[in-house]
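We count ligands from 1, going down the list as the structure has it; atoms in each ligand are counted the same way.
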Amino acid sequence: MTHTLSSCQALDWHDPLRHLRDQFDLPAGVIYLDGNSLGVLPKTTPARIAQVVQQEWGQDLIRSWNSADWFRMPQRIGDKIGQLVGAGPGETVATDSTSINLFKVMSLALTLQAQVPLERRVVLSERSNFPTDLYTAEALCRERGWTLQLVEAENLPSALKTQPGVVMLTHVNYRTGAMHDMATMTTAAHEAGAVMVWDLAHSAGAVPLNLNQANADFAVGCGYKYLNGGPGAPAFVWMNPRHAASLGPNLWQPLAGWWGHQAPFQFTPDYRPAPGIQRFLCGTQPIVSLAALECGVDSVLAAQPLGGMAALRAKSLALTDLFMDLVEQRCRGLGLKWVTPSTHAQRGSQLCLTLAADMPWPPHAAYAMVQALIARGVIGDFRAGNQHSGGLYPDILRFGFTPLYLRFEDVWNAVEHLRVVLTDREWERPEFAQQLAVT
Ligand SMILES: *Cc1c(COP(=O)(O)O)cnc(C)c1O
């Protein structure tokens, strides 16, 4: 089908989710294709932060732990996130960072599998998983005498045959946009006798999830990506309730602290973990940041009356299908190649391109293209390729599509900018070759 600017505008007109965009303060002249890295600012957030700071802290002071329900914010926001990831009430808490939560659940996963024979003391993951996940797993493996085994996604089924003790995967790959089938993979991991840990950083708020139906063991996810919680927002952690049910007070996470105690205000010298997920809280939580996260999560929950995650997913697929079609139509022969699978079930809400190998690109070309797009107000990002033992990961031009606030018209305009950057060789300008500290 041939798209035009006006056919894209018609899609916006008929989009049942189009008013959700009004929840956000989007800068003029920007097409934001980076909500997978830092979500946008909800209009409610600044006033809520001012209220927490000026009223709850400034006036009500320490009384706010009770009067403003500060103390229960990790659970309250966790339950809201739970609605987006297929978790029941009381199964999720918002706390700490993704990296720290991953440390907690991975440490526990290894402990749960402490009895496996030596040759099964293996954490299986993907080589192209996000680095912090691999570093966390590697550090724990060093400490416990386990081995981290890294394979490409297509080799996971054969690697499972060797029965690793723990499987740790990111549901949507940050580098390729490829998505695992959570239920199938979890079942395969369990059949191999493994504990299954999911990182939902690029999934929560982007694709429908059902942790309970998949019968996963543990999950962590990010607050500042599709959940719009703001830079460095607290992350979340989920544990299958069957673990707490079977182990009860014997189930300790490694960062035991008073917020995860059964009765924190009895100040007893001995640790007794709180029931359920609350034991994953360590110490005093960042209330101002949690307040911002709650505004972000509420902005996603605003889609619930309109069909929730299923409706958001349908729009996300329509947006990404359109981007793929338009790149095929308008950027054909300009040297771009897809990294993300085109099959709906195999991709999340981001699309990644790389440079065709049969053209003579200078080393900084992909970076410069992203910079040239940013100069035109089209914000995506660049992920550097690297050499590894099994071969080469290419440089990536990465575009995230957040259905809460992106319009079909934005997709049309983004591809038009991309076409001009390539055909006019705008990316070759020297100013776009300067590498910044954060890409
Ligand atoms: C974004 C992301 C993180 C971020 O971790 P932080 O602790 O917030 O820095 C971790 N893992 C994955 C897979 C991510 O995509």
Q: Please report the C-alpha distance between Trp338 and Glu328 in whole Å, then the side-chain angles of each, then the deciding distance to 0.1 Å, and finally whether the side chain to side chain donor-acceptor pair (under 3.5 Å) criterion is met.
A: CA-CA 10 Å; Trp338 291 110; Glu328 291 302 322; 2.7 Å; yes
Q: Just need the protein heavy atom nearest to atom 7 (O) of ligand 1, so name the residue and atom and give the distance.
A: Ser99 OG, 2.6 Å
Q) Got an N/O contact under 3.5 Å between Asn129 and ligand 1? A) no
Q. Is ligand 1 under 4.0 Å from a heavy atom in the side chain of Ala201, in the backbone, in both, or in neither?
A. side chain
Q | Pair Asp69 + Arg76: basic N to acidic O under 4.0 Å | A | yes
Q.
Among all the protein's non-hydrogen atoms, which is closest to atom 3 (C) of ligand 1, and how far away is it?
A. Lys225 NZ, 3.6 Å
Q) Would you say the side-chain atoms of Asn215 and Asn240 include a donor-acceptor pair closer than 3.5 Å? A) yes
Q. So, Arg242 and Asp217, do they make that salt bridge, N to O below 4.0 Å?
A. yes
Q) Do Arg21 and Asp12 meet the salt-bridge criterion of a basic N to acidic O distance under 4.0 Å? A) no
Q.
My understanding is that we take every heavy atom of each candidate and find the minimum distance to atom 11 (N) of ligand 1. Doing that for Asp96, Thr98, Asp133, which one comes out nearest?
A. Asp133
Q) Thr186 and Trp198: side chain to side chain donor-acceptor pair (under 3.5 Å), yes or no, with the steps? A) CA-CA 9 Å; Thr186 303; Trp198 286 105; 2.9 Å; yes
Q: Between Thr170 and ligand 1, find which residue part has any heavy-atom pair under 4.0 Å and reply side chain, backbone, both or neither.
A: side chain
Q) Under 4.0 Å from ligand 1, counting heavy atoms only, is it the side chain of Leu102, its backbone, both or neither? A) neither
Q) Taking NZ, NE, NH1 and NH2 as the nitrogens, is one of them in Glu56 or Arg48 under 4.0 Å from a carboxylate oxygen of the other? A) yes
Q | ligand 1 atoms in contact with Ser97 (distance to a heavy atom under 4.0 Å) | A | 7 (O)
(Q) I need the atoms of ligand 1 closer than 4.0 Å to a non-hydrogen atom of His202, numbered in the order shown. (A) 15 (O)
Q.
For Phe130, does the six-membered ring have the charged nitrogen or CZ of Lys225 within the cation-pi criterion, i.e. under 6.0 angstrom from the centroid and within 45° of the normal?
A. yes
**Q.** Subset of ligand 1 atoms that lie under 4.0 Å from at least one heavy atom of Thr132
**A.** 10 (C), 11 (N)
Q.
So if I count the atoms of ligand 1 from 1 in the order they appear, which ones are less than 4.0 Å from some heavy atom of Tyr224?
A. 1 (C), 4 (C), 5 (O), 6 (P), 8 (O), 9 (O)
